[in-house]
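Have a look at the structure below, then the notes.
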Amino acid sequence: YSLIFTKDLHKLKVFFYIFKRIISLYEPELSSHLNSSGIDFSYFLPPWFITLFAGSHQHHNTENDDNSNLLLRILDNFILYGWKSMMELCCVILHLYESYLMNLKYDGMMHFLINEITKSDFFGPKNIKLIEISLDFKIKKKLVKNIEAEYLQNLKVKETMD
């Protein structure tokens with residue numbers, strides 16, 4: 001996913017579509033709840049990618065509570081495996097908080113997904129197993145390619161209809 005932030009944000013739109021489809025496959029109830037509540041993944045995924053993981057450091061970084069290893073491992077996985085690793089990690093986050101999110105309405109979900117999640121125990125140093133969990137959760141490359149092809153096909157159909 002090189003050149004994510006181009007003028008038309010094409011790759012970013014593809015990424016959101018792929019992520020939305022993956023969540024609908026792996027977490028259908030949560031996906032339905034997010035959709036029916038009017039939550040679009042584009043509302044919270046960009047802040048997650050840009051600041052979530054680094055921003056969590058300020059809430060958990062004390063003398064005896066350092067989550068630097070977790071953040072470094074997240075960045076290492078991203079460098080080694082690319083955006084697919086970020087998708088897997090975000091799926092794990094949503095899975096772990098599914099029951100909590102299912103009890104929230106739009107405002108509560110948005111507040112949690114954008115603001116409160118960085119303060120949650122999820123990013124605390126005791127949750128170093130996060131990477132191991134996300135390493136166990138695999139999204140197949142073929143699935144990503146198929147969903148991307150689906151997106152491109154839908155885009156072609158839409159363009160011919162316009």
Side-chain angles (χ1 to χ4, degrees), residues 1-60 67 70-123 127 130-131 133-141 143-152 154-155 158:
Y1 287 92
S2 60
L3 301 175
I4 292 281
F5 297 105
T6 59
K7 187 176 180 179
D8 66 351
L9 300 174
H10 173 74
K11 287 286 188 181
L12 192 60
K13 292 174 187 173
V14 173
F15 184 85
F16 291 152
Y17 183 84
I18 292 169
F19 189 78
K20 181 177 182 175
R21 289 282 287 120
I22 287 171
I23 291 297
S24 72
L25 294 170
Y26 288 97
E27 300 292 339
E29 290 179 25
L30 179 60
S31 175
S32 178
H33 182 63
L34 291 168
N35 287 332
S36 66
S37 299
I39 303 285
D40 190 284
F41 292 105
S42 66
Y43 297 167
F44 64 89
L45 284 179
W48 279 21
F49 299 150
I50 295 168
T51 62
L52 176 65
F53 304 110
S56 68
H57 187 70
Q58 69 181 332
H59 297 291
H60 293 283
N67 65 348
L70 175 62
L71 297 174
L72 291 175
R73 291 186 72 189
I74 289 169
L75 292 174
D76 281 349
N77 280 332
F78 176 68
I79 290 167
L80 290 170
Y81 305 109
W83 287 100
K84 192 170 88 59
S85 71
M86 194 63 71
M87 266 193 234
E88 291 166 346
L89 183 60
C90 291
C91 285
V92 169
I93 292 170
L94 289 176
H95 173 73
L96 292 175
Y97 285 104
E98 178 179 16
S99 61
Y100 179 72
L101 291 167
M102 293 295 286
N103 291 311
L104 297 175
K105 302 256 187 256
Y106 178 88
D107 290 339
M109 277 190 280
M110 287 302 296
H111 181 71
F112 179 76
L113 291 169
I114 293 176
N115 300 311
E116 293 301 314
I117 197 162
T118 58
K119 300 172 192 169
S120 71
D121 291 339
F122 184 77
F123 291 101
N127 206 352
L130 163 67
I131 297 299
I133 293 168
S134 65
L135 288 175
D136 288 340
F137 177 81
K138 289 292 179 202
I139 299 170
K140 304 275 187 208
K141 286 181 185 179
L143 176 62
V144 172
K145 287 184 184 274
N146 288 342
I147 295 172
E148 184 172 5
E150 174 186 290
Y151 175 82
L152 295 173
N154 289 342
L155 191 60
K158 184 181 177 199

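Inter-residue side-chain proximity for Lys20 and Asn35 is flagged as met; some heavy-atom pair is nearer than 4.5 Å. For the pair Glu98 and Leu94, the minimum side-chain heavy-atom distance is 4.5 Å or more. Under the 4.5 Å side-chain criterion, counting only non-hydrogen atoms from C-beta, Leu12 is not in contact with Leu45. The shortest distance between side-chain heavy atoms of Arg21 and Glu148 does not fall below 4.5 Å. Two residues are said to be in side-chain contact when any heavy atoms from C-beta on lie closer than 4.5 Å; Pro46 and Phe15 fail this criterion. In this structure, the side chains of His10 and Leu155 come closer than 4.5 Å at one or more pairs of heavy atoms. Residues Tyr151 and Ile18 are not in side-chain contact: their nearest non-hydrogen atoms beyond the backbone lie 4.5 Å or more apart. Under the 4.5 Å side-chain criterion, counting only non-hydrogen atoms from C-beta, Phe44 is not in contact with Met109.
Note that the CG atom of Leu34 and the CD1 atom of Ile23 stand 8.0 Å from one another [nearest 0.5 Å]. Between the CE atom in Met87 and the SG atom in Cys90 there is a gap of 9.0 Å [rounded to 0.5 Å]. Residue Ile147 holds its CD1 atom at 11.0 Å from CZ of Phe19, rounded to the nearest 0.5 Å. A distance of 13.0 Å separates CD in Glu29 from OG in Ser24, rounded to the nearest 0.5 Å. Taken from SG in Cys91 to CG in Leu96, the straight-line distance is 11.0 Å, to the nearest 0.5 Å. For the atom pair OG (Ser37) and CE (Met102), the distance works out to 8.5 Å, reported to the nearest 0.5 Å.
The aromatic rings of Tyr106 and Tyr43 sit perpendicular to each other, their planes meeting at more than 60°, with 30° as the lower class boundary. Using cut-offs of 30° and 60° on the angle between ring planes, the pair Tyr26 and Phe137 is perpendicular. Aromatic ring pairs are classed by plane angle as parallel below 30°, tilted from 30° to 60° and perpendicular above 60°; the pair Tyr100 and Tyr97 is perpendicular.
Panel note: side chain His33, backbone Asn103; no donor-acceptor pair is recorded below 3.5 Å. Lys84 places a side-chain N or O within 3.5 Å of a backbone atom of Ile139 that can act as its donor or acceptor partner.
Counted within 6.0 Å of NE2 on His95, heavy atoms from surrounding residues, nucleotides or ligands total 12 or fewer; the atom is thus considered open.
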